[in-house]
Amino acid sequence: MKLLRFGPQGQEKPGLLDTNGVIRDLSAHLPDLDGRHLDRETLARLAELDPSSLPEVSSARLGPCVGRTGKFICIGLNYSDHAAEAGAEVPPEPVVFNKWTSAICGPDDDVIIPRDSTKTDWEVELGVVIGKEARYVSEAEAMDHVAGYCVVNDVSEREFQLERSGSWDKGKGCDTFGPLGPWLVTPDEVADPHALDLWLEVDGQRYQDGNTGTMVYRIPFLISYLSRFMSLQPGDVISTGTPPGVGMGQKPPTYLKPGQRMRLGIAGLGEQNQTVVAESAR
């Protein structure tokens, strides 16, 4: 299934995308697509519904594909070729950082360049959404805790992230720096999450063109590893790293400017389209 959330910001309703590309309203069957409703039993019940019996949604804003996310956990330098373009070595253990949940927005919402920013950058990533609590899980059990997958744009302000003291987090969690969606795609539709093409364009120019097969640390390991340090709760999102082609790695480095358009996607998981705006434009 391709599950989604639609409607005005803060008032999103749950829905699904049928095989004809029509959005269907799931409001009569669950209150929201969030951690409380991502267990395998609920997903199996939704899969039994006849989409044609659900109300059509003619046109609506798409919200983030998961509601009420508790943790937005990111993995840095998880593609060896991206680590090389960043001038960094492949880490001996996963690099873990956070995006604040206030960064989360819809897949086609505007991305806002923060005040005083000169180095706002892009990163297409595969997101993993947790559907069942995970604490000290083994790699063999890890995939049982996955509700689905989605596209993430890990928007990053490089000066805030790398040139100021402290952690990466302050360059990663600015408002609108975490578009999620368009769909939450359930595992039955993703034969191998480590064999997905992913790409990103700015104003029609392709910058990123990679495949999740080149991840250093794969999803079962990441879930098991993270569950040693924190419990992973239903609705949590893990963003698994980006392939090469980010703005920081261009020669010379290239960063986002107001008015530009980002288009990004992952095979089978849909596309995002964002306009870049200045903070003052809100």
Side-chain angles (χ1 to χ4, degrees), residues 1-7 11-57 60 62-73 101 104 106-107 126-152 180-194 196 218-228 230-240 266 268-270:
M1 288 183 294
K2 291 181 174 65
L3 300 168
L4 56 95
R5 298 170 73 246
F6 66 91
Q11 302 175 44
E12 291 92 349
K13 296 179 180 181
L16 63 79
L17 190 74
D18 71 17
T19 55
N20 296 315
V22 176
I23 295 175
R24 301 283 181 165
D25 189 343
L26 281 172
S27 298
H29 298 275
L30 75 165
D32 199 0
L33 190 65
D34 58 18
R36 299 169 300 170
H37 306 99
L38 292 176
D39 58 274
R40 291 290 171 92
E41 292 76 15
T42 298
L43 295 179
R45 177 171 56 82
L46 295 177
E48 293 176 355
L49 297 173
D50 176 6
S52 66
S53 69
L54 302 172
E56 290 189 23
V57 178
L62 291 177
C65 60
V66 183
R68 303 185 186 186
T69 297
K71 294 190 288 296
F72 194 168
I73 307 159
T101 55
I104 294 173
L126 173 64
V128 179
V129 179
I130 298 298
K132 181 173 73 170
E133 183 181 29
R135 296 182 70 248
Y136 298 103
V137 299
S138 68
E139 288 186 56
E141 300 170 325
M143 300 304 276
D144 294 337
H145 297 261
V146 175
Y149 305 94
C150 66
V151 181
V152 177
L180 298 181
W183 334 120
L184 170 63
V185 182
T186 51
D188 58 292
E189 292 200 10
V190 181
D192 184 356
H194 304 105
L196 301 175
R218 295 193 162 202
I219 293 165
F221 178 84
L222 290 174
I223 292 172
S224 177
Y225 179 85
L226 291 170
S227 76
R228 303 176 202 172
M230 68 195 84
S231 60
L232 299 174
Q233 303 293 335
D236 287 351
V237 177
I238 303 169
S239 199
T240 56
I266 301 178
L269 304 187

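Sequence positions, counted from 1, serve as the residue numbers for this chain.
- With sequence neighbours excluded, the residues forming a side-chain hydrogen bond (donor to acceptor under 3.5 Å, both in side chains) with Arg36 are Asp34, listed by chain and number.
- Counting heavy atoms from C-beta on, the side chains of Leu26 and Leu49 come closer than 4.5 Å.
- Under the 4.5 Å side-chain criterion, counting only non-hydrogen atoms from C-beta, Met1 is not in contact with Pro51.
- Taking all atoms of both residues into account, the shortest heavy-atom contact from Leu38 to Leu43 is O-CD1, 3.6 Å.
- Distance check: Leu126 CG to Thr240 OG1 gives 4.0 Å after rounding to the nearest 0.5 Å.
- Taking the side-chain contact (heavy atoms from CB on, under 4.5 Å) definition, one finds that Pro107 meets it with Leu62, Pro182, Gln272, sequence neighbours left out.
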Pair Ile104-Val237, side chain to side chain contact (heavy atoms under 4.5 Å, CB included): steps then yes or no
CA-CA 11 Å; Ile104 294 173; Val237 177; 5.8 Å; no

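- Shown here are the salt bridge (charged side-chain N to carboxylate O under 4.0 Å, His left out) partners of Glu189, two or more places apart in sequence or in another chain: Lys2.
- Shown here for Phe6 and Pro14, the closest heavy-atom pair between the two residues is CE2-O, 3.4 Å.
- The distance from the CG atom of Leu4 to the SG atom of Cys150 is 12.5 Å, given to the nearest 0.5 Å.
- A donor-acceptor distance shorter than 3.5 angstrom exists from the side chain of Arg5 to the backbone of Pro64, with no hydrogens or angles considered.
- Residues Thr101 and Thr69 approach most closely at CG2-O, 3.2 Å, considering heavy atoms.
- The minimum heavy-atom distance linking Leu269 with Trp183 is given by the pair O-CD1, 3.4 Å.
- Between His194 and Pro220, the shortest heavy-atom distance links the atoms CE1-CD, 3.8 Å.
- With sequence neighbours left out, Glu56 forms a salt bridge (charged side-chain N to carboxylate O under 4.0 Å, His left out) with Arg24.
- Here Asp39 pairs with nothing under the salt bridge (charged side-chain N to carboxylate O under 4.0 Å, His left out) rule; sequence neighbours left out.
- Among residues two or more places apart in sequence or in another chain, the side-chain hydrogen bond (donor to acceptor under 3.5 Å, both in side chains) test is passed with Ser52 by Asp50.
- Residues forming a side-chain contact (heavy atoms from CB on, under 4.5 Å) with Lys71 (at least two apart in sequence, or on another chain): Ile73, Met230, Gln233, Asp236.
- Looking at His145 and Leu232, their side chains never come closer than 4.5 Å, going by heavy atoms from C-beta outward.
- Checked against side-chain contact (heavy atoms from CB on, under 4.5 Å), Pro187 has the following partners two or more places apart in sequence or in another chain: Arg40, Val146, Tyr149.
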Would Arg218 and Glu139 satisfy side chain to side chain contact (heavy atoms under 4.5 Å, CB included), going step by step from the backbone distance to the final call?
CA-CA 10 Å; Arg218 295 193 162 202; Glu139 288 186 56; over 6 Å; no

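- The distance from the OG atom of Ser27 to the NZ atom of Lys13 is 5.0 Å, given to the nearest 0.5 Å.
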Could you walk me through whether Thr186 and Leu46 satisfy the side chain to side chain contact (heavy atoms under 4.5 Å, CB included) test, starting with their C-alpha distance in whole Å, then the side-chain angles of each, then the deciding distance to 0.1 Å, before giving a yes or no?
CA-CA 11 Å; Thr186 51; Leu46 295 177; over 6 Å; no

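- For Ser224, the side-chain hydrogen bond (donor to acceptor under 3.5 Å, both in side chains) criterion is met by no residue, not counting sequence neighbours.
- Note: Cys65 SG to Leu33 CG = 7.5 Å, rounded to the nearest 0.5 Å.
- Qualifying side-chain contact (heavy atoms from CB on, under 4.5 Å) partners for Ser138, counting only residues two or more places apart in sequence or in other chains: Ala140, Glu141.
- Taking every heavy atom of both residues into account, Ser227 and Val137 meet most closely at OG-N, 3.1 Å.
- Residues that satisfy the side-chain hydrogen bond (donor to acceptor under 3.5 Å, both in side chains) test with Asn20, not counting sequence neighbours, are absent from this structure.
- Note: His29 NE2 to His37 NE2 = 13.0 Å, rounded to the nearest 0.5 Å.
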